[in-house]
Amino acid sequence: MIGVVIPVHNEEDYLHACLASMQLAIAHPGLPDEEVRVLAVLDACSDGSGGIAQGMNIEFLSIDSHNVGLARAAGAAALMQAGARWLAFTDADSVVAPAWLATQLALAVQDQADAVCGTVAVDDWSAHGERASFLRRHFRATYVDQDQHRHIHGANLGVSTAAYRLAGGFAALACGEDVALVQALLACGARISWSAAPRVTTSSRIASHARGGFGDTLSAVAMTAP
């Protein structure tokens, strides 16, 4: 079985699009002929996120940790207990391509990889107003969106359950839990496929839910605009 974990904290503005893209991804004809389970981990949600997941027939787990590392870990633990051999992770404010999951699994076989680290794209910078054009140009000039990159995004990450267990899983970090996991995987000798092939489009929103995360990074860059 293949498991997909989506941590959610008050994401009613983005969650429907995320889950709709996931439904397309798990129906992709390139996937192996085995069960795929998607689990939304609702972490201290006080908005309509739970209703969205329920209305779309997406399995969900409710926790109250206020911590994305613990949310990812809780989802991984539940899916591993159910028999998952591969864990894929994205974020609730992101949209995955139809071939996202199939591409992860193909890379794991092709590259004999224990984990796949993908890149992210942003297609709407309008949240940053007059600084949007500056941010778009800066991102295109500085972000390496090609194979052999060294980006680590929780929004585009896959790992075998064997390697995940060996590395100790996600740490209880409010930010940087994805980087810590990949560093632990490398320390264990895991083979990483650094690929731009699994496609994920993520939000450029200003109101970041994880202090120090991608949203805060974009906001900090925006403040340097002339």
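Quick caveat: nothing in here was measured; it's all calculated off a predicted structure.
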Donor-acceptor under 3.5 Å ([X] side chain, [Y] main chain):
| X | Y | answer |
| --- | --- | --- |
| Asp178 | Gly154 | yes |
| Glu12 | Gly48 | yes |
| Asp147 | Ala196 | yes |
| Asn156 | Pro198 | yes |
| Asp111 | Ala113 | no |
| Glu34 | Met1 | yes |

Same apolar cluster: [X] and [Y], side chain cutoff 4.5 Å:
| X | Y | value |
| --- | --- | --- |
| Val96 | Val116 | yes |
| Leu107 | Leu87 | no |
| Met80 | Val159 | yes |
| Val41 | Val68 | no |

Does any part of the side chain of [Y], heavy atoms only, come nearer than 4.5 Å to the side chain of [X], both counted from C-beta?
| X | Y | value |
| --- | --- | --- |
| Val120 | Thr201 | no |
| Val38 | Ile26 | yes |
| Leu31 | Val36 | yes |
| Val182 | Leu157 | yes |
| Phe170 | Val5 | no |
| Phe89 | Val4 | no |
| Ile6 | Leu39 | no |
| Ile63 | Leu42 | no |

Out of curiosity, [X] [atom1] to [Y] [atom2], how far, rounded to the nearest 0.5 Å?
| X | Y | atom1 | atom2 | answer |
| --- | --- | --- | --- | --- |
| His28 | Leu101 | NE2 | CG | 10.0 Å |
| Leu173 | Leu181 | CG | CG | 10.5 Å |
| Leu79 | Tyr164 | CG | OH | 10.0 Å |
| Ser160 | Arg191 | OG | CZ | 9.0 Å |
| Trp125 | Phe139 | CH2 | CZ | 5.0 Å |
| Glu59 | Arg37 | CD | CZ | 4.0 Å |

Within 6.0 Å of [atom1] in [X], more than 12 heavy atoms from elsewhere:
| X | atom1 | result |
| --- | --- | --- |
| Arg140 | CZ | no |
| Gln23 | CD | yes |
| His16 | NE2 | no |

With no hydrogens and no angle check, do the side chains of [X] and [Y] hold a donor and an acceptor under 3.5 Å apart?
| X | Y | answer |
| --- | --- | --- |
| Asp64 | His66 | yes |
| Asp145 | Thr119 | yes |
| Ser65 | Asp43 | yes |

Contact summary for [X] and [Y], nearest pair of heavy atoms:
| X | Y | value |
| --- | --- | --- |
| Ala155 | Thr90 | O-OG1, 2.7 Å |
| Cys188 | Ala167 | SG-CA, 3.9 Å |
| Ser46 | Asn10 | N-OD1, 2.6 Å |
| Trp194 | Ile152 | CZ3-CG1, 3.9 Å |
| Val95 | Ser21 | CG1-CB, 3.4 Å |
| Ala53 | Phe60 | CB-CD2, 4.2 Å |

Check against side-chain contact (heavy atoms from CB on, under 4.5 Å), Ile58 and Met22
CA-CA 10 Å; Ile58 297 294; Met22 193 59 64; 5.9 Å; no
Ring center gap for Tyr143 and His151 short of 6.0 angstrom:
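Aromatic pair counts; centres sit under 6.0 Å.
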Tell me, with the steps shown, if Asp114 and Ile192 meet side-chain contact (heavy atoms from CB on, under 4.5 Å).
CA-CA 6 Å; Asp114 301 297; Ile192 310 290; 5.9 Å; no
What's the verdict on side-chain contact (heavy atoms from CB on, under 4.5 Å) for Leu105 and Thr103, showing C-alpha distance, side-chain angles and the deciding distance?
CA-CA 5 Å; Leu105 295 165; Thr103 302; over 6 Å; no
Going through the distances and angles, do Thr202 and Val122 end up as a side-chain contact (heavy atoms from CB on, under 4.5 Å)?
CA-CA 5 Å; Thr202 197; Val122 177; 4.1 Å; yes
Could you check Arg72 against Asp91 for salt bridge (charged side-chain N to carboxylate O under 4.0 Å, His left out), going step by step and ending with a plain yes or no?
CA-CA 10 Å; Arg72 290 196 201 277; Asp91 289 338; 2.7 Å; yes
